[in-house]
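In what follows, chains are A, B, ... by sequence order, proteins preceding strands, each numbered from 1. Predicted, not measured: the structure shown is a model, and the values here were computed from it. Note that these values count all heavy atoms, side chains included, but never hydrogens, waters or copies made by symmetry.
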Amino acid sequence: ETGVTQSPTHLIKTRGQQVTLRCSSQSGHNTVSWYQQALGQGPQFIFQYYREEENGRGNFPPRFSGLQFPNYSSELNVNALELDDSALYLCASSLGGLAGSNEQFFGPGTRLTVL
Amino acid sequence: QQQVKQSPQSLIVQKGGISIINCAYENTAFDYFPWYQQFPGKGPALLIAIRPDVSEKKEGRFTISFNKSAKQFSLHIMDSQPGDSATYFCAASAGANNLFFGTGTRLTVIP
């Protein structure tokens, strides 16, 4: 059983650019949630995807968008990067639906630095 | 507005001692309360979790105590070891939805 993987590990961008982060969910999981973790803070929920549909969104602007693919992997896209977007971006996978579970398992994260 | 409040912000414990971290919540719809352990540069790792129908859950050296009426829950780490030094986050969710995290507790266990 493979765990949650994320790529890239680190990324440096400049203000105004766009970025795409990727996540492969744990084997058997159909739900992916994305979180932003600023330095010294707890993770903040961005959005969740269940079976390729957005299934909840936190208090983040529309320039944060996502996708989930048929194999349940997912992308997080951020447009018009701002300095405050610098953070660790975490992907968590879980099993949703009637046979689902609350348990969310996190990947190692992508460290994004915006200059 | 912080949905889950966590304290203390940092904690120093001697090896072999008991580490206690506390959390409080307001939303009575929360029905799942996990604790995560995070090492520097890594993602959070699920440590132990509890549902409100039980008051205590123990897994090895880790115990969650849950007080539904007070809307509080805590993590106890027995026989704390230097390898337990990490940041601990409590969290809560309603159904299979997003997790609301506390602000974290940085635990240092002194040999």
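- Side-chain heavy atoms closer than 4.5 Å link hydrophobic residues (I, L, V, M, F, W, Y) into clusters, and following such links, possibly through other members, connects V32(A) to F64(A).
- Environment of CZ in R15(A): sparse, with no more than 12 heavy atoms of neighbouring residues, nucleotides or ligands closer than 6.0 Å.
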Anything under 3.5 Å between chain A and chain B that's a donor-acceptor pair? List each one with its distance, please.
| from | atom 1 | to | atom 2 | distance (Å) |
| --- | --- | --- | --- | --- |
| Y35(A) | OH | L99(B) | N | 3.0 |
| Q37(A) | OE1 | Q38(B) | NE2 | 2.9 |
| Q37(A) | NE2 | Q38(B) | OE1 | 2.9 |
| N102(A) | OD1 | R51(B) | NH1 | 3.2 |
| N102(A) | OD1 | R51(B) | NH2 | 2.5 |
| N102(A) | ND2 | G95(B) | O | 2.3 |
| Q104(A) | O | Y36(B) | OH | 2.6 |
| Q104(A) | NE2 | N97(B) | O | 3.3 |

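- When the side chains of ILVMFWY residues are joined at heavy-atom separations under 4.5 Å, either directly or via intervening members, L21(A) and V114(A) end up in a single hydrophobic cluster.
- Contacts with chain B were tallied for P108(A), G109(A), P43(A); P43(A) has the most, counting heavy-atom pairs under 4.5 Å.
- Linking Ile, Leu, Val, Met, Phe, Trp and Tyr residues whenever their side-chain heavy atoms come within less than 4.5 Å leaves L88(A) and L39(A) in two separate clusters.
- A continuous path of hydrophobic side-chain contacts links F62(B) to F73(B) [ILVMFWY only; heavy atoms under 4.5 Å].
- For L46(B), the part sitting under 4.5 Å from any heavy atom of chain A is the side chain, from C-beta outward, and nothing else.
- For chain A, no part of P34(B) is nearby; none of its heavy atoms comes within less than 4.5 Å.
- Two different hydrophobic clusters hold L83(A) and L115(A) under the rule that ILVMFWY side chains link at heavy-atom gaps under 4.5 Å.
- Among the candidates F100(B), F101(B), F89(B), the residue making the largest number of heavy-atom pairs closer than 4.5 Å to chain A is F101(B).
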